[in-house]
Amino acid sequence: MTAAPTTAPAALRIEGLRKSFGPTEIIRGVDLSIEAGERHAIIGPNGAGKSTLFNLVTGRYAPSAGSVFLNGQEISGLPPFRINRMGLSRSFQITNIFPRMTVFENVRCSLLWARGYRYSFWHMVGRSRELTEATEEILAQINLTARRDLPAGVLSYAEQRALEIGITMAGGASVIMLDEPTAGMSHSETDHIVELIRRVTEGRTLVMVEHDMGVVFGLADRISVLVYGEIIATGSPEEVRANPKVQEAYLGTTLEAG
Amino acid sequence: MSEIARIPGRNAGLTPGMVLPWALAALFLAVMPLIFASNSAITIMNQMAITIIFALAYNMLLGQGGMLSFGHAIFMGMGGFMSVHIMNWVERYELPLPLPLLPVFGGLSGLALAIVVGSFSTRKAGTVFAMISLGVGELVAASSVIIVAFFGGEEGVSGDRTYGLPFFGIEFLRQIEVYYLTAAWLLISALLMYLWSRTPLGRMANAVRDNPERAEFVGYSARWVRFHSFCASGFFAGIAGGLFAINYEIVTEENLNLAQSGAILLITFLGGAGFFFGPIIGAVLFTLLQTVLSLHTDIWQLYLGALFVMTVMYFPGGLAGVLMMHVVPARLGRLHMLVMPYLRTLLPAAIGIAGLAGVLEIIFHRRNMATGDEEMTLFWITFDSTSPWPLAIALGVAAIGIWIARRTAPALREAWEAANRIDLPPSSEGRP
């Protein structure tokens, strides 16, 4: 990891972020800065607000207070499609793909905006060799070339998770956010998906929520611990593991890799 | 049952496989009036062509965009009304607009209305969209009897298609000339709508239908994608309206009311919204029922309704879906395995349904006949409808036919499964 020059803005900077649902405050003032190229994991007990934090950053929810900056530009309050166009892409905890379209088309649709096709109706997508090749390349990366003409809805769970990662990274976003990418997977499937994540996020900023501590300690450069809507610790895996507040929050659960 | 159209992703140029279906369609349209040359047949074919364009336009919303509209007839109606007004203006002010170009203005009128309506109705899909479409449909239909100056009240607006100078010597006096004009527009519209489905917007319409949230997270505003589909659909519906005006030279409230909107939904679903060519089948079948079956029975709409309900319940992919179910057995070269089981089940089923239809017809005749007019003719047999025997025989035929069909249905199911079985070597993983 090369240290970014001091003038370069953080890939993602969160300032005083708050979110209430009715009287309940779920996110209670989060500050976080993630450098470009960093792999950052957000961990925490169930109900800590990890997914809510994700949804606030990516525009699915509007924050009650505070700001989010992507590469120095404010994105808080913008709709998801604008945030995506500015270079942030995400996956979901519950698989979120285009089930009736083929695997190939799932990936191709995720490429269209970034490749400048926008809302055009004067191009034939099937006629662009460049677009087809880019799609094929992503399919090869996520090991789904053999499934390219199947409707995405019939793929196995693990394949759908891989496809979602493909959709998420296809547009070339500089910041990739993955919400529990290994949830519900077997050991061997988890190993595959971790390998895949490592490969496709090469050179990009990765932010992920993850429960599997093996994955977290294997992948992340830095870790933030979110408890009751507040970040109680941020640091390298070793620092976080040694932090007494973190150990208290996990109530005796040893934070061991694997 | 899978609803996949194989997408040609690899080819970058025009291939014979892409051009051939359209060339065949053009040839087919050119030859049809030589086979069915009577004026009434040509009238039916014109109506079919108009309904096909409208149904294909409607399916840009329903099948491709996932928007269920209950008021789409207003766009065709608007195209029709504007076209017939333009016809009259051209005649009065002697404007240089040849008739074959009139549908373009019908389309633009549909587009203009769609821009207005779509600006607020496409914000959400699902129930909200459906309710707004119903409300706007009713609003426009109601104003058509209020704003008499534009909609002409109950008698509608009439025009004369032979208004202008002949177009390359064609005066559009004869039905056959109108047929070729309509057929040409059908071909152009269908091709444009097909090409639309291959564009980035067309593909994203599918994506937004499948998962609007995901579409937003790959950079597209779901609302904006819906709005574009909505406008395109309004444009082609307006072209259908323009052709209607040319064909019938009169447009009335009936062309844009909710009954018309319901009919196009029924046609599209019956044909199969999941496939591009589905609405074509639906439109052809509906027009045939409407024009031919209605000559033979007064309760044809009952049969249409029953057919629709059966399709929704058992074949949600529509008739196109039923056809496409046979692609796998055909690829495996096993269609012949299905011929006899189909005959054994469908033949008695058809006889049973004919019996049921007989029962309905006899009851209908008894209740609606003029006194002394007991005689009726059904399936080329003339009999006294008040006698108990014909009813008993019809009931018996219905019962026996359906009983046999139920007996042979398990064998058909077995044959179907055998024809679809994919004999793979035990594969490692991933196969559904």
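Lettering of chains follows the sequences in order, A, B, ..., and the numbering in each one begins at 1.
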- line: Paired with B/Tyr220, the ring-ring contact (aromatic ring centres under 6.0 Å, His included) test is passed by just one of A/Trp113, A/Phe98, A/Tyr117, namely A/Trp113

- request: Quick one: pull up CZ in A/Phe121 and SG in B/Cys231 and give me the separation to the nearest 0.5 Å.
  value: 9.5 Å

message: Looking at chain A, which one of B/Val208, B/Thr199, B/Asn206 has the largest number of heavy-atom pairs inside 4.5 Å, strictly under?
response: B/Thr199

Contact origin within B/Ala232 toward chain A - heavy atom pairs under 4.5 Å: neither

field: Minimum heavy-atom distance between A/His123 and B/Pro200, given as atom pair plus value
entry: O-CD, 3.3 Å

message: What part of A/Arg118 gets within 4.5 angstrom of chain B, counting heavy atoms only: side chain, backbone, both, or neither?
response: backbone

- prompt: With a cut-off of 6.0 Å (strictly less than), are more than 12 heavy atoms of other residues, nucleotides or ligands near CG of B/Leu20?
  reply: yes

query: Side chain of A/Asn84, backbone of B/Glu216: donor and acceptor closer than 3.5 Å?
result: no

query: Should we count NE2 of B/His326 as having more than 12 external heavy atoms under 6.0 Å?
result: yes

task: Assess whether atom CZ of B/Phe120 is packed by more than 12 heavy atoms of other residues, nucleotides or ligands within 6.0 Å.
output: yes

- prompt: Would you say the side-chain atoms of A/Asn96 pair up with the backbone N or O of B/Arg214, donor to acceptor, closer than 3.5 Å?
  reply: no

- prompt: Do B/Glu213 and A/Arg60 meet the salt-bridge criterion of a basic N to acidic O distance under 4.0 Å?
  reply: yes

- request: Starting at CG of B/Asn211, measure out to SG of A/Cys109 and round the result to the nearest 0.5 Å.
  value: 11.0 Å

field: Top contributor to chain B contacts, counting heavy-atom pairs under 4.5 Å, from A/Gly171, A/Ser110, A/Ser120
entry: A/Ser120

task: Please check if atom CH2 in B/Trp416 has more than 12 non-hydrogen atoms from other residues, nucleotides or ligands closer than 6.0 Å.
output: yes

query: Between A/Ile97 and chain B, which part of the residue has a heavy atom less than 4.5 Å away: side chain, backbone, both or neither?
result: backbone

message: Is A/Thr58 close to chain B through its backbone or its side chain, or both, or neither, when contacts mean heavy atoms under 4.5 Å?
response: both

task: Return yes when atom CD of A/Glu137 has more than 12 non-hydrogen atoms of other residues, nucleotides or ligands closer than 6.0 Å, and no otherwise.
output: no

- request: Nearest 0.5 Å please: distance from the OH atom of A/Tyr119 over to the CG atom of B/Leu201.
  value: 8.5 Å

- request: Verify whether one side chain among B/Ser221 and A/Arg85 offers a donor that lies under 3.5 Å from an acceptor in the other.
  value: no

query: Quick check, are the ring centers of B/Phe217 and A/Phe81 under 6.0 angstrom apart?
result: no

query: What part of A/Glu133 gets closer than 4.5 Å to chain B, counting heavy atoms only: side chain, backbone, both or neither?
result: neither

field: Closest heavy-atom pair and its distance - B/Gly274, A/Arg100
entry: CA-NH2, 4.5 Å

query: Looking at CZ of B/Arg203 and CZ of A/Arg108, how far apart are the two atoms once the value is rounded to the nearest 0.5 Å?
result: 6.5 Å

